[in-house]
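Structure first, commentary second.
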2 protein chains.
Amino acid sequence: MRKLETRKEEIVRVAAQLFKEKGYSAVTMRDLAAEMGIKAASLYNHITSKQDILQTIIISLAEEFTEGMNKVIRSEKSSIEKLKKIVQLHVTIASANTNGMASLNTDWMHLEDQLEYYLKLRNDYEQNFLVIIKEGVKNLEIKSKNPEVIMFSMLSTLRSLYLWLPNKEDVSSSDLALHLSEILIEGINK
Amino acid sequence: MRKLETRKEEIVRVAAQLFKEKGYSAVTMRDLAAEMGIKAASLYNHITSKQDILQTIIISLAEEFTEGMNKVIRSEKSSIEKLKKIVQLHVTIASANTNGMASLNTDWMHLEDQLEYYLKLRNDYEQNFLVIIKEGVKNLEIKSKNPEVIMFSMLSTLRSLYLWLPNKEDVSSSDLALHLSEILIEGINK
DNA sequence: TACCTAAACTAACGATTGTTAGTTTTTATT
DNA sequence: AATAAAAACTAACAATCGTTAGTTTAGGTA
C-alpha cells in the first residue's frame with residue numbers, strides 16, 4: 001500500500017491553486033491553512049516556510065522542462081520536428097499542472113535562494129530553443145525571419161497554455177499539440 | 001506653459017514600474033514612496049489609495065484596447081487586414097507602456113470595485129477578436145482550424161509583448177508589427 | 001495497556017501593512 | 001513681503017503578516 005500523496009504534497013498542490021488565483025504574495029499562510037481545513041501553525045509540521053512551497057512548485061517544473069528540452073536537443077530530427085516535440089512538451093507538462101505553471105510564469109521573481117538557479121535554467125532553455133530555430137533557418141526548413149521574434153512568438157503561446165487549458169478539458173492533449181503545431185508552424189492564412 | 005506630468009501621473013508611472021518588477025501585492029506604499037524620494041504618507045496628498053493606483057493603470061489601458069478594437073471592427077477591411085491592425089494596436093500600446101501592461105496582464109485580479117468592469121471589457125475584446133477570425137474562415141481567407149485556438153495563440157503572443165519589448169529597443173514599432181504579423185499569419189515553415 | 005510519533009492545536013512574537021490626523025515646509029501669486 | 005495652496009513631514013493606528021514555542025490529540029505498534 002503506497003501512500004498516494006504525502007501531506008506536504010497536498011499542501012503544495014493546494015497552495016499552487018491559491019497562487020494561481022491571487023499570486024504568491026497575496027496568499028497568506030492563513031488562507032492556505034483554511035483551504036486545508038487546519039490552522040496556519042499546523043502547516044509548519046510539513047513545510048519549513050512559505051518560500052519552501054514556492055521553490056517546490058517552481059523548481060520541479062523548471063527542471064522538468066529542462067529535461068524535456070535536453071531530450072529534444074539530443075534527438076536526431078529535423079528542426080521542424082524538434083519544434084513539434086517542444087510544443088508537445090509544453091502541452092504535456094501544462095496539462096498535468098496548470099496551477100503550478102502559473103507560479104512558474106508569474107511568481108518566479110519571489111524566489112529567494114533559488115532565483116539564480118531558476119534564471120539559469122530559463123536562460124539555457126531559451127538559448128536551446130533559439131539554436132533549434134537558427135539551425136532550421138540554415139537548413140532552409142524555416143523562413144529566414146528574425147529567429148528571436150519566432151522564438152518569442154512560439155514561447156509566448158506555449159507559456160500561456162496554463163491559462164487556457166482549464167477551459168478546454170474536452171480537447172485531448174495530443175490533438176491540441178498537433179493543432180497548435182500546425183498553427184504555429186504553418187500559419188493561419190490560406 | 002503646460003505641465004507635462006502631474007504628480008499623480010508620476011506616482012502612477014513609478015508604481016507601474018514597481019508593479020512590473022514585483023507584482024501589486026508585493027509592492028508596499030513605503031517602497032513606492034522611497035522610489036519617489038518621499039515618505040509613504042505624502043503619497044496620499046495625490047492618490048486616494050493603493051487600489052486607486054492599480055485602477056488608474058489597468059482601466060485606462062483596457063479602455064485603450066477597447067477603443068482600438070472598435071475602430072478595427074468598424075473598418076471595412078478583409079479579415080486578415082483586420083488581424084494585422086490588431087497586431088499593430090498591441091505593438092503600439094505595449095511599446096508606449098510596457099510597465100502598465102504587466103499590471104493589466106498579471107494584477108487584474110487585485111482590482112476591487114472595477115474588477116467586473118475590467119472583465120467585461122476583456123471578454124468583449126476576446127469575442128470581437130473571435131468574430132473576426134470566424135469571418136475570415138467563412139470568407140475562405142483563414143484556414144479552417146479551430147478559431148479559438150487561433151485566437152489563443154495570437155493573443156498569447158500579443159499579450160506577452162510587454163515582456164519582450166524592453167529588450168528590443170532597437171527595432172522600430174512598425175517593423176516589429178509587420179514582422180510579427182507575417183509570422184502569426186503565414187507561419188514559419190518554408 | 002503502554003508508548004511513540006505524526007499532526008493537530010492555542011497563544012503569542014515582532015515586523016510590516018495601508019492609512020489617517022495633525023503639523024510644517026515649500027512654492028507660486030499677489 | 002504677505003498670503004494661500006500644494007506637498008511634504010512626524011507620529012501613530014489597528015490589522016495582518018510569517019513564524020515559533022509549547023501543548024494536546026489521534027492512530028498505530030510494541
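This structure is a prediction, so every number in the text was calculated from the model and none was measured. A, B, ... follow the sequence lines: proteins, then strands. Residue 1 opens every chain.
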- Atom CE of B:Met36 and atom P of D:dA8: how far apart are they, to the nearest Å? 7 Å
- Query: Does A:Phe129 have its ring centroid less than 6.0 Å away from the ring centroid of A:His90?
  - Reply: no
- Message: If only side-chain N and O atoms count, and only distance matters, is there a donor-acceptor pair under 3.5 Å linking A:Asn146 with A:Glu148?
- Response: no
- Note on the structure: Among D:dT10, C:dT19, C:dA8, the one nearest any side-chain atom of B:Ala41 is D:dT10
- Message: Tell me whether the side-chain N/O atoms of A:His46 come closer than 4.0 Å to OP1 or OP2 in C:dA6.
- Response: no
- A:Ile11 atom CD1 is separated from C:dA6 atom C1', nearest whole Å, by 13 Å
- Query: Can you tell me how far C1' of D:dT10 sits from OH of B:Tyr44, to the nearest Å?
  - Reply: 16 Å
- Hey, does the side chain of A:Ser42 come within less than 4.0 Å of C:dC9's phosphate (OP1/OP2), counting only N and O? yes
- Message: Counting only side-chain nitrogens and oxygens, does B:Arg7 get under 4.0 Å of the OP1 or OP2 atom of D:dA8?
- Response: yes
- Item | Gap between atoms NZ and P, on A:Lys22 and D:dT16 respectively (whole Å) | 12 Å
- Query: C:dA8 phosphate, OP1 or OP2: any side-chain N/O from A:Lys39 under 4.0 angstrom?
  - Reply: no
- Task: Could you please name the option among C:dC9, D:dA8, D:dT19 that lies closest to any side-chain atom of A:Met29?
- Result: D:dT19
- Task: Identify, between B:Ala40 and A:Arg30, the residue whose nearest nucleotide on DNA chain D lies closer to the 5' end.
- Result: B:Ala40
- Hey, could you give me the OG/CG distance between A:Ser103 and A:Leu61, rounded to the nearest 0.5 Å? 8.5 Å
- Please confirm whether the backbone N or O of B:Arg159 pairs with a side-chain atom of B:Asn105, one donor and one acceptor, at under 3.5 Å? yes
- Determine whether any donor atom in the side chain of A:Asn45 lies under 3.5 Å from an acceptor atom in the base of C:dA8, or the reverse, and answer yes or no. yes
